[in-house]
S.K.: 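First the structure, then my questions, so here it is.
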Amino acid sequence: MLIAGPTASGKSALALDLAARIGGVVINADSMQVYRDLRIITARPTPEDEARVPHALYGHVDAAENYSVGRWCSDAAEAMNESRVRGLVPIITGGTGLYYKALTQGLSAIPPVSADIRAATRARLAAEGVEALHAELASIDPPAAARLMPRDATRITRAIEVFAATGRPLTDWHREGLRPLLDPQRAIGLFLMPDRAVLYARIAARFDAMLEAGALDEVAALDARRLDPALPAMKAHGVPWLRRHLAGDLSLEEAAEEAMRDTRRYTKRQLTWFRNQMPGWDFVAPEAARDHILGRLTPGAT
RNA sequence: GGCCACGUGGCGGAGUGGUUACGCGCCGGUCUGCAAAACCGUUUACCCCGGUUCAAUUCCGGGCGUGGCCU
């Protein structure tokens, strides 16, 4: 079972409910809830939730690490195997669209790029600018250069470093996909889709609740580690703005406004992703989700 | 009551007698190992009426509204 939906749509609660009901394990598919240091600010399931039903891949990574889709795929494969052994239904939930795509459509067999090469490529990006890298890509991997927007620093850098590390253009690697971990035919993909206005109101209410629950202290503790601000965990919604508030750059109200805005934008992108990248998924209103999924589990029932 | 200033798209904010600044928001889209990232696109604008003019959001007059000062 794959349960996705925008931030604050009630995915976790639904997953917990289903897991308790049918005997399942909740496996995280959220790129930020994996980080140990970010519990409150990412709305990770509480210890009580985790005590009720088995959970996997929550807070198992240190914020100093660069987690990735690739690592998630192998972690998820392991978690699914374990659930099979225990006779539990894997219920994968989270909002990271790319993880679901990799899970159901496979990833290319690109070897890991060394930290040295990555650092060197990033340094070049900073020194030479995106345009220079894009021009270089046009000579080593013309299709990739044509496909990518000239200012898309992230993907251009990736294409350059894959070539630097493997001597083969990224486009070649993409032609050889690995078999997906999960056969989409054997899974139910559900996307919770709340009314936009309701969702935006929930985002605001939820951020206020996070602050009351100690989000600022959590960010202060993370801040004290003096990690590289470019790390993924340092970019979790609310973290950059709350850090700026802690530094005295802006008021808590301003930081909260910005954090909520980032979250709103993100939910919009999530919607776009699932709508267009995940064919075959069911889009359901949160209130109707549980009955919908239970109905699909028992084909005889309506 | 008098004087002055101003009325531009959801908001902020330029500007021009003829060719729809721009920013933000909203909305839509792209996506194969940092994805809560990175990137792209779009958006019923010139308060109302009359005049001048080939042509008015832009000039002139009146009205209405807003703000400031004065009585």
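Note that these values count all heavy atoms, side chains included, but never hydrogens, waters or copies made by symmetry.
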S.K.: Counting the atoms with a prime plus P, OP1 and OP2 as sugar-phosphate, which does A:M32 contact under 4.0 Å by heavy atoms, base, sugar-phosphate, or nothing?
M.R.: base
S.K.: Could you work out the separation of B:G67 and B:G9 based on their C1' atoms and round it to a whole Å?
M.R.: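 So the two C1' atoms sit 23 Å from each other.
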S.K.: What I'd like to find out is whether the side chain of A:P90 reaches to under 4.5 Å of the side chain of A:M1, using heavy atoms alone.
M.R.: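 A side-chain contact is absent here, since even the closest heavy-atom pair is not under 4.5 Å.
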S.K.: So, does A:Y67 get its side chain near the phosphate of B:C34, meaning an N or O under 4.0 Å from OP1 or OP2?
M.R.: no
S.K.: Roughly how many Å apart are B:A45 and B:A21, using the C1' atom of each and rounding to a whole number?
M.R.: 12 Å
S.K.: Can you check whether A:R158 has a side-chain N or O nearer than 4.0 Å to OP1 or OP2 of B:A37?
M.R.: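 Checking A:R158 against B:A37: no side-chain N or O falls below 4.0 Å of OP1 or OP2.
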S.K.: Transitively linked via ILVMFWY side-chain contacts under 4.5 Å: A:L2 with A:I293?
M.R.: no
S.K.: Select from A:M210 and A:G70 the residue whose nearest nucleotide in RNA chain B is closer to the 5' end of that strand.
M.R.: A:G70
S.K.: For a quick test of reading the model: is some side-chain N or O of A:N276 closer than 4.0 Å to OP1 or OP2 of B:G29?
M.R.: yes
S.K.: Base, sugar-phosphate, or nothing: which does A:Q105 touch, judged by heavy atoms less than 4.0 Å apart?
M.R.: nothing
S.K.: Suppose you measure atom C1' in B:G18 against the same atom in B:C6; what distance do you get, rounded to whole Å?
M.R.: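 Here B:G18 and B:C6 have their C1' atoms 26 Å from each other.
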S.K.: Got a donor-acceptor pair under 3.5 Å from the side chain of A:R155 to the base of B:C31?
M.R.: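 Side chain to base: pair found, below 3.5 Å.
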S.K.: Relative to the 5' end of RNA chain B, which residue comes earlier, A:W273 or A:P232, by the nucleotide with the nearest heavy atom?
M.R.: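 So the residue in question is A:W273.
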S.K.: Report the base-pairing partner of B:C3 (Watson-Crick or G-U wobble, both distances below 3.5 angstrom), or none.
M.R.: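 Across all strands, the one nucleotide that pairs with B:C3 is B:G68.
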S.K.: If you measure from the C1' atom in B:A37 to the same atom in B:U30, how many Å do you get, rounded?
M.R.: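 14 Å, rounded to whole Å.
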S.K.: Given B:C40, B:A37, B:A35, which nucleotide is nearest the side-chain atoms of A:K235?
M.R.: B:A37
S.K.: With a 4.0 Å cutoff (strictly under), does any side-chain N or O of A:R71 reach OP1 or OP2 of B:C34?
M.R.: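 Checking B:C34 against A:R71, no side-chain N or O comes under 4.0 Å of OP1 or OP2.
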S.K.: When all nucleic acid strands are considered with a 4.0 Å heavy-atom cut-off, which category describes A:L38: base, sugar-phosphate, or nothing?
M.R.: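 Nothing: the residue A:L38, judged by heavy atoms under 4.0 Å, touches no strand.
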S.K.: Going by distance alone, is a donor N or O of one side chain under 3.5 Å from an acceptor N or O of the other, for A:H60 and A:D75?
M.R.: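 Their side chains do contain a donor-acceptor pair, which is all the 3.5 Å distance test asks for.
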S.K.: Please determine if a side-chain N or O atom of A:T272 lies less than 4.0 Å away from the OP1 or OP2 oxygen of B:G29.
M.R.: yes
S.K.: Could you tell me whether A:Y200 contacts a base, only the sugar-phosphate backbone, or nothing, with contacts defined as non-hydrogen atoms closer than 4.0 Å?
M.R.: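 It contacts sugar-phosphate atoms only.
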S.K.: What nucleic acid atoms does A:T263 come within less than 4.0 Å of, heavy atoms only: base, sugar-phosphate, or nothing?
M.R.: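 It contacts nothing in the nucleic acid.
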S.K.: So, is A:R269 close to the B:G29 phosphate, meaning a side-chain N or O under 4.0 Å from OP1 or OP2?
M.R.: no
S.K.: Would you indicate what A:K101 reaches in the nucleic acid, counting non-hydrogen atoms under 4.0 angstrom: base, sugar-phosphate, or nothing?
M.R.: nothing
S.K.: Hey, does the side chain of A:Y100 reach the backbone of A:I3 with a donor-acceptor pair shorter than 3.5 angstrom?
M.R.: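 Yes, A:Y100 side chain to A:I3 backbone: donor-acceptor pair under 3.5 Å.
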S.K.: Looking for any heavy atom pair under 4.0 Å, which part of the strands does A:T96 touch: base, sugar-phosphate only, or nothing?
M.R.: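 Sugar-phosphate, backbone atoms only, no base.
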S.K.: Should B:A37 form a Watson-Crick or G-U wobble pair with both distances under 3.5 Å, which nucleotide is its partner?
M.R.: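 Because no pair has both required distances under 3.5 Å, B:A37 counts as unpaired.
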S.K.: Hey, what's the ring geometry for A:F191 with A:F283, parallel, tilted or perpendicular (30° and 60° as the breaks)?
M.R.: tilted
S.K.: Do A:F207 and A:Y266 land in one hydrophobic cluster if side-chain heavy atoms of ILVMFWY residues count as linked below 4.5 Å?
M.R.: no
S.K.: Looking at every strand, decide which applies to A:Q277 at a 4.0 Å heavy-atom threshold: base, sugar-phosphate, or nothing.
M.R.: base
S.K.: Give one of base, sugar-phosphate or nothing for A:A102, where a contact means two heavy atoms less than 4.0 Å apart.
M.R.: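 Contact class for A:A102: none.
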S.K.: Side chain of A:R264: nearest nucleotide among B:C26, B:U32, B:C27?
M.R.: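 Selected nucleotide: B:C26.
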S.K.: Please check the phosphate of B:G28 (OP1 and OP2 only) for any side-chain N or O of A:R196 closer than 4.0 Å.
M.R.: yes
S.K.: Does a side chain donor of either A:D262 or A:W241 reach within less than 3.5 Å of an acceptor in the other side chain?
M.R.: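 Present: a donor and an acceptor within the cut-off.
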S.K.: Using the P atom as the point on both nucleotides, what is the distance between B:C3 and B:U20, in whole Å?
M.R.: 40 Å
S.K.: Verify the contact: side-chain N or O of A:R147 to OP1 or OP2 of B:U30, cut-off strictly under 4.0 Å; return yes or no.
M.R.: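 Checking B:U30 against A:R147, no side-chain N or O comes under 4.0 Å of OP1 or OP2.
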S.K.: Looking only at side-chain atoms of A:N66, point me to the closest of B:G33, B:C39, B:C34.
M.R.: B:C34
